[in-house]
Protein chains: 2
Amino acid sequence: MIDQLEKYGLFFEERALAQFQSLVRNKDYSKIAVLCDSNTHDQCLPGFLSQLPDLDPNKLEVVELEPGEDTKSLEVLAQLWDAFGALEMDRHSLLINLGGGVISDLGGFAAATYMRGIDFVNFPTSLLAMVDASVGAKTGINFGAYKNRIGLFTEPLMVGILPEFLDTLPEEEFLSGWAEMLKHGLIADAKHYRALIRRKPTAAQIDSALIAHSVAIKARVVSQDKHEGGLRKILNFGHSIGHALESWHQQAGQPLSHGYAVALGMQVELSLSAAFAGCDINEVQALQTDIQKLYSVPKLKPQAEDLKTLLLGDKKNKGSHLHFSLLRECGVGVYDIEVPMQSVLERYNQCFHD
Amino acid sequence: MIDQLEKYGLFFEERALAQFQSLVRNKDYSKIAVLCDSNTHDQCLPGFLSQLPDLDPNKLEVVELEPGEDTKSLEVLAQLWDAFGALEMDRHSLLINLGGGVISDLGGFAAATYMRGIDFVNFPTSLLAMVDASVGAKTGINFGAYKNRIGLFTEPLMVGILPEFLDTLPEEEFLSGWAEMLKHGLIADAKHYRALIRRKPTAAQIDSALIAHSVAIKARVVSQDKHEGGLRKILNFGHSIGHALESWHQQAGQPLSHGYAVALGMQVELSLSAAFAGCDINEVQALQTDIQKLYSVPKLKPQAEDLKTLLLGDKKNKGSHLHFSLLRECGVGVYDIEVPMQSVLERYNQCFHD
C-alpha cells in the first residue's frame, strides 16, 4: 500500500527523505524556505533539519507564522508574499510547508501564485494533514465568512509523511485527523472503518501502514476526479454541516478542530442518509453511537437558523438548492443528493438540540 | 490564419459571438458577470450586449472598476472577490472580462482563484490586449514595487476578438498595442515587421487578418512552451528594460503605456543585441531609427542607478545574474543571454541620456 502511493507523489519515512534530497540535488534551487508555525518550528523543525544534513545552510530560510485557522487569511497571505520578496526568492526557489493543513493550504497557495508559481513540497505534521490535506491538491485561504473561499487546485512536487511528528500532537489534534480516517472508511471501505473503530485514537495505535491505507482511499477517489466534477464529492460526507459548524464556532470564539466539526457533521448527515440515501436506520444508529463516543456534541452550538445562512453560502450548493454527499451503507458514499433545507434543519435539531 | 487560431481558443468577429453564445447555451450558468472598467462600460458594453440578445437578463451582472494599472492591486482583487460573493456567484458562474489587459489579468486571476476556479472568457477591447494578453494564459496583479508579481498561468475558456472596439481607442493606447505587434515581427517574422512599419498605426490601417497574423506568432511560441521554461522567453524582448521603465514611471506619477515602455526597452535591448547576440550593427541602427520615429524618448526618465534596483527584482533573473531576450537578426529572437549589469546601464545611458 505504501509503495503504491508513490505514484501519487506521497512518500513515507526514509523514502520521503531520500526523495526530497534527490529533488534538491537535481533542481539546484536558488533558495529553500521552510514555512512553519510556532508549534512546528519548535517541535518538528529541528528533528526535520537534522535528517537533511545536505541542505546548504546559505540557501536555507525559515518563515514562522502564528498557529491556528486565523492564519489562513488574506492578510497573512500578503505578508507571506512580502516575505518571499524580502528573502529574494525567485522562480527557481522552493517552499517547504512543514505543518498542518493551515500551513500547506496557505503556503501552497502562496507558492502557486508567487511569480506565477514556484515549486513547493509538503511535510504534514498533523494526522489530519497526513490523511487529508496530503492528497487532493487543494490550497487556499478563508475569505469573508467562508472557509477556503479563495484557492486553487495545485499539486505539490511531493508529500513526505514522517509519522514521528505524531508523537508531539495534542489529543484534540489527533482526534481531528482520526475523524477524517473514519470518514474514508465510511464512504469507501467498511473494513477500514471497522479496523479504526476497534482501536483507541492515539499515536501509539497508528503507523505508516494505517495512514497509508486511509490516504490511498482518498488518492484513488481524487485521481478519478481531480476537480470535483463528480465522484470526488463523496469526500465531502460530513463536511456540509461540518464546515458550517466550524465557521460558526470560529466566529463564536470557541473554535472546533476541523475533524471534530466533520465528526459532528457526520452524525447529522448519517441521519440524512437514512432519509434520503436509503441507508438502513439500524446501521445509521450504530454508526452514530460509535462516533458520539469519541465526538460528543458541545454545549455551545448554533441555532438551526444560524446554520441555514452558512449552508446557503457553501461552494457545493448550486444556486439555492442544497446538495449533500451521504452514505448508502457503511463503506458506500453517494453524492449530489438534493435535500430540502427544512429536512436538514429538522435532522440537525434532532441530533443536536433534543 | 484566422481559422487556425480557433484551436488556441481565439475567435474573431461573428465567429466569436457564435462561439460565446454556444458556450452559454451548453453550460447553463447560474450567473454571468461582465467585468469592465468605466471606459469599456461606456464605450464597449452597450454594443457588446446588443449583439448577444439571448443572454438571460436575470442572470446578468455588471461589475465596473476604475480604469488604469492601479486597479491591478491586491485591494481591488479583494473587492472583486467580495463582489462575486455579494452577487451570489458560485462554481457554476461565468465571468466575462471586457476590457484591456488590466481587466483580463485581474479578472482572470480573480476567477481562477474564486472557489478554486470558475469559468471565464476574455473579450479584449484594446489592441494591446488583442495581440498580447489574448494568448499566453498569464493572469495576475502587481504587488509591492513589481508588476505581475502575483499571478497564475490559467486559460480562459475562449477569447473573442471584435476589432470594432478599436475605433474608440485613444491614439496612445493604439500605439501601445502596435509596439507588441512590432515586437512579434522582430522576434519571429521579419516580413510581419516590415508590413507593419510601412503602415500608419491607426485603427483604419488594421483589420482582423493583421491582428490574427500577430497573435499567431505569439500563439505558436506559447504553445511550444506554456510555462516559459525556454522558447517563450523570446517574447520578453524589450520587456526587461520595458518593465523597469513602466514601474519607475508609474511610481513617478507619469505612467507610460505598457507598449510604449516596451518600445523604449526594445531600443536599449537592440543595442544589447549588437553587443551580446551578434546582431548586425547597421540593422540595429535602422531598427532603432524606425522605432524612435513612433516612440520618442520621454523627458522624464530614471537614472541608471534607479533602473538597476528594478532590474534586480525582475522575475526573469535567476539569483543575481541578468538574463535578456535579444535579437540575432530582424525576425530571430534568442533568450537566456547573460549580460553584465554594467553593460546594461551603459547602453541605457547611450540610448537615453546622451
Side-chain angles (χ1 to χ4, degrees), chain A residues 28-31 59 73-75 77-86 88-93 105 109-118 136-154 226-229 233 312-321 323, chain B residues 28-31 59 73-75 77-86 88-93 105 109-118 136-154 226-229 233 312-321 323:
Chain A
D28 187 27
Y29 289 110
S30 59
K31 290 269 174 188
K59 293 185 174 178
S73 68
L74 184 60
E75 291 64 36
L77 175 65
Q79 288 165 19
L80 199 48
W81 284 331
D82 262 331
F84 291 170
E88 300 187 333
M89 289 173 71
D90 61 23
R91 284 180 177 172
H92 307 275
S93 298
D105 282 9
F109 186 64
T113 52
Y114 180 71
M115 294 187 169
R116 296 199 194 93
I118 64 170
K138 288 186 178 178
T139 64
I141 57 169
N142 304 325
F143 188 76
Y146 302 107
K147 276 182 62 74
N148 303 317
R149 171 59 70 112
I150 303 303
L152 284 172
F153 290 100
T154 184
K226 279 206 165 67
H227 294 112
E228 208 162 317
K233 295 178 187 173
L312 288 173
D314 192 293
K315 287 191 292 296
K316 288 180 289 300
N317 299 316
K318 178 167 177 169
S320 63
H321 303 291
H323 287 80
Chain B
D28 186 28
Y29 289 110
S30 58
K31 291 269 175 188
K59 292 183 174 178
S73 68
L74 184 60
E75 290 66 35
L77 175 65
Q79 288 165 18
L80 199 48
W81 284 331
D82 262 331
F84 292 170
E88 300 188 331
M89 288 173 72
D90 61 23
R91 282 179 178 173
H92 307 275
S93 298
D105 282 9
F109 186 63
T113 51
Y114 180 72
M115 294 187 169
R116 296 198 194 94
I118 64 170
K138 288 186 176 177
T139 64
I141 57 169
N142 304 323
F143 188 77
Y146 301 107
K147 277 182 62 73
N148 303 318
R149 172 58 70 112
I150 302 305
L152 284 172
F153 290 101
T154 182
K226 279 207 166 65
H227 294 113
E228 208 162 316
K233 295 179 187 173
L312 289 173
D314 192 295
K315 287 190 293 295
K316 288 179 289 300
N317 299 315
K318 177 167 176 168
S320 62
H321 304 292
H323 286 81

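Below, read A as the first sequence line, B as the second, and so on, with proteins coming before strands; counting in each chain starts at 1.
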Validation row: B:R116, A:N148 side chains within 4.5 angstrom (heavy atoms): yes

A:K31 meets the side chain to side chain contact (heavy atoms under 4.5 Å, CB included) criterion, sequence neighbours left out, with A:E61, A:M89, A:S93

Okay, B:T154 and chain A: the region with an atom under 4.5 Å from a heavy atom over there is neither

Rounded to the nearest 0.5 Å, what separation is found between the OG1 atom of A:T113 and the CZ atom of B:F143? 9.5 Å

So, the part of A:A110 with a heavy atom under 4.5 Å from chain B: the answer is neither

Checking salt bridge (Lys or Arg N to Asp or Glu O under 4.0 Å) for the pair B:R91/A:E228: CA distance, chi angles, key distance, verdict? CA-CA 11 Å; B:R91 282 179 178 173; A:E228 208 162 317; 3.6 Å; yes

Go through the atoms of A:L74 and report whether side chain, backbone, both or neither lie under 4.5 Å from a heavy atom of chain B. side chain

Looking at chain B, which one of A:F84, A:F109, A:W81, A:F153 has the largest number of heavy-atom pairs inside 4.5 Å, strictly under? A:W81

With sequence neighbours excluded, what pairs up with B:K59 under the salt bridge (Lys or Arg N to Asp or Glu O under 4.0 Å) test? B:D28

